[in-house]
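Encoded as structure tokens, the structure appears first; notes follow it.
Only a predicted model underlies this, so the values are computations on that prediction, with no experimental measurement involved. Each ligand, and each atom within it, is numbered from 1 in the order the structure gives.
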Amino acid sequence: MKVPLLDLKAQYRCIKDELLEATRRVYEAQRFILGPEVEQLEEQIAGYCQTSHAVGVSSGSDALLISLMAAGIGPGDEVITSPYTFFATAGAIARLGAKPVFVDIEEDTYNIDPEGIDQKVTKRTKAIIPVHLFGQCCNMDPIFEVAHGHNILVIEDAAQAIGAEYKGRRAGSMGEMGCFSFFPSKNLGAFGDGGMVTTSSHTLYEKLKILRVHGSQPKYYHQLIGGNFRLDALQAAVILVKLRYLDGWTSARRENAQRYHELFRQRGLEGKIVLPVAKYGRHIYNQFVITVESRRDELRRFLTEGGVGSEVYYPIPLHLQPCFGYLGAEKGHFPRAEQAADRTLALPIYPELTGEQQGFVVDTIRAFFHN
Ligand SMILES: Cc1ncc(COP(=O)(O)O)c(C=O)c1O
């Protein structure tokens with residue numbers, strides 16, 4: 001048996017006709033940039049994420065960049081975020097000439113630890129970017145306590161967390177802006193790159209729309225310097241079809257997570273690995289990430305040889321990336337992020353995964369530990 005980390009072909013097979021029909025309409029209209037599909041998607045994503053507005057953009061990375069631009073972040077500003085996230089979170093801050101300021105993570109959720117934030121706030125702090133990693137929301141209430149106390153914006157990096165909830169509130173609806181990615185491996189994935197910014201502020205909405213088209217308003221008149229951050233009509237057409245299935249897929253991912261918990265318990269593996277916890281509400285399991293106390297890389301090789309896909313998200317925390325050396329952080333500064341980078345392993349969790357396949361994944365892990 002072979003179990004890939006993700007099987008996009010399985011998803012495609014189920015909805016192929018609808019996807020082909022939706023993209024065919026775009027080909028027939030020969031209208032590829034923004035347009036009605038993008039507008040329809042923006043309306044539906046705003047509704048899905050409990051916000052008043054959404055702005056389709058070219059990727060999750062650009063969603064972060066344009067949000068920070070809309071917030072007026074630039075040289076001399078500081079933005080607090082997690083060192084244990086995909087590069088784009090801190091990359092967007094640095095690209096604008098601002099300084100990423102890292103705060104270590106919680107050991108169990110891998111998300112930023114709100115307790116560490118207050119002591120990192122300075123007069124230059126303009127924003128906090130909590131990252132809802134792997135599909136679980138950060139502990140937002142204490143983050144807002146700090147943010148409101150110092151008049152700091154909160155921009156959610158919800159790239160991995162569409163439909164995740166914190167105390168009934170959807171990811172992307174809690175901060176001033178929420179950033180989403182439609183990268184193919186996300187729960188709602190396009191046929192290429194795509195992203196979205198959600199907001200309930202009319203002012204930010206208007207500014208985001210202008211920044212998306214090089215700051216032009218009206219056409220060829222520029223009050224602001226923006227960029228080409230537009231979402232393609234083709235990607236919007238694909239995502240509109242997939243959005244109808246998203247809640248079903250999320251339920252399947254959550255059931256798979258539950259099944260892993262049962263299987264790991266039945267096989268007596270709970271002492272060897274730590275399973276993910278769903279702590280603050282609806283976890284959407286973009287990834288099912290276990291912590292392996294020791295020999296993580298050996299286990300990964302064993303799984304690969306046995307036909308089971310896995311991945312390390314992320315092997316090097318951001319404060320230790322060479323490009324952020326100028327920030328002056330060293331090994332030991334963020335011990336929980338460093339430990340996670342050494343010990344975590346993502347296992348297959350995609351919706352079409354069968355119980356039999358999950359049994360095979362867990363049996364392969366058991367075989368490794370009993371060797
Ligand atoms: C947490 C996080 N932030 C930002 C991004 C960037 O999204 P994209 O790949 O669409 O640019 C990703 C996606 O990979 C992500 O996982």
Side-chain angles (χ1 to χ4, degrees), residues 5-6 8 38 41 45 49 54-69 79-96 100 102-103 105-106 109-112 127-138 140 154-164 171-172 174-175 177-198 212 227-232 234-236 238-239 242 253 276 283-289 311-319 321 324 337 340-341 344 346 349-350:
L5 181 65
L6 177 65
L8 283 177
V38 173
L41 181 67
I45 293 284
C49 294
V55 178
V57 293
S58 28
S59 67
S61 304
D62 285 343
L64 287 159
L65 190 64
I66 197 175
S67 298
L68 290 165
M69 289 168 82
V79 179
I80 292 174
T81 193
S82 165
Y84 188 61
T85 170
F86 179 61
F87 180 80
T89 319
I93 300 165
R95 280 177 69 186
L96 292 172
F102 297 120
V103 167
I105 57 171
E106 298 175 330
T109 64
Y110 314 115
N111 281 331
I112 193 166
I128 302 171
I129 307 185
V131 184
H132 306 315
L133 204 68
F134 304 142
Q136 166 156 241
C137 286
C138 297
M140 295 302 285
V154 173
I155 299 172
E156 295 170 68
D157 184 339
Q160 301 183 6
I162 191 156
M174 296 174 273
M177 286 172 277
C179 302
F180 292 89
S181 165
F182 301 129
F183 186 77
S185 65
K186 299 295 192 272
N187 289 23
L188 185 62
F191 281 3
D193 282 308
M196 190 72 69
V197 181
T198 50
R212 175 172 68 174
N228 173 1
F229 299 130
R230 300 175 302 232
L231 178 64
D232 288 356
L234 269 173
Q235 302 304 347
V238 167
I239 302 159
K242 289 195 179 188
R253 283 173 182 270
H283 193 324
I284 59 135
Y285 292 102
N286 178 237
Q287 301 295 346
F288 186 87
V289 175
E311 186 55 276
V312 173
Y313 299 111
Y314 298 93
I316 310 209
L318 296 184
H319 66 286
Q321 295 286 355
F324 287 131
T344 54
I349 186 75
Y350 57 89

query = Considering only protein heavy atoms, which is closest to atom 12 (C) of ligand 1, and at what distance to one decimal place?
reply = Phe86 CD2, 3.5 Å
query = What are the atoms of ligand 1, with element, lying closer than 4.0 Å to any heavy atom of Thr85?
reply = 1 (C)
Short N or O distance, Lys186 and ligand 1, threshold 3.5 Å exclusive = yes
task = Check the angle between the aromatic planes of Tyr313 and Phe134 and answer parallel, tilted or perpendicular using the 30° and 60° thresholds.
result = tilted
ask   = Side chains of Pro276 and Gln136: closer than 4.5 Å at any heavy-atom pair?
value = no
message = Ring-plane angle category for Tyr110 and Tyr84, please: parallel below 30°, perpendicular beyond 60°, tilted otherwise.
response = tilted
key: Nearest-contact summary for atom 11 (O) of ligand 1 - protein heavy atom, Å   = Ser61 OG, 2.5 Å
request  = Could you tell me which atoms of ligand 1, counted from 1 in the order shown, lie closer than 4.0 angstrom to a heavy atom of Val131?
outcome  = 1 (C)
request  = Mark the output for His132 as yes if a heavy-atom distance to ligand 1 is under 4.0 Å, and as no if none is.
outcome  = no
ask   = Which is it for Ala159 and ligand 1 at heavy atoms under 4.0 Å: side chain, backbone, both or neither?
value = side chain
key: Smallest separation among heavy atoms of Met140 and Pro130, with atom names   = CE-CG, 3.8 Å
query = To which of Asp157, Asp193, Val57 does the heavy atom nearest atom 3 (N) of ligand 1 belong?
reply = Asp157
query = Below 4.5 Å, heavy atoms only, C-beta onward: do Phe180 and Thr198 meet side chain to side chain?
reply = yes
request  = Please verify whether a non-hydrogen atom of Leu64 lies at under 4.0 Å from ligand 1.
outcome  = yes
Backbone N/O of Ala159 and side chain of Asp157: donor-acceptor pair under 3.5 Å = yes
key: atom 16 (O) of ligand 1: nearest protein contact (heavy atom, Å)   = Gln160 NE2, 2.8 Å
message = Are Asn286 and Lys186 packed together at the side-chain level, in the sense that at least one heavy-atom pair is separated by less than 4.5 angstrom?
response = yes
ask   = Sub-3.5 Å donor-acceptor pair from the side chain of Asp193 to the main-chain atoms of Gly195, do we have one?
value = no
Closest to atom 7 (O) of ligand 1 (judged by heavy-atom distance), picking from Ala92, Gly60, Gly195 = Gly60
key: Asp62 N/O to ligand 1 N/O under 3.5 Å   = no
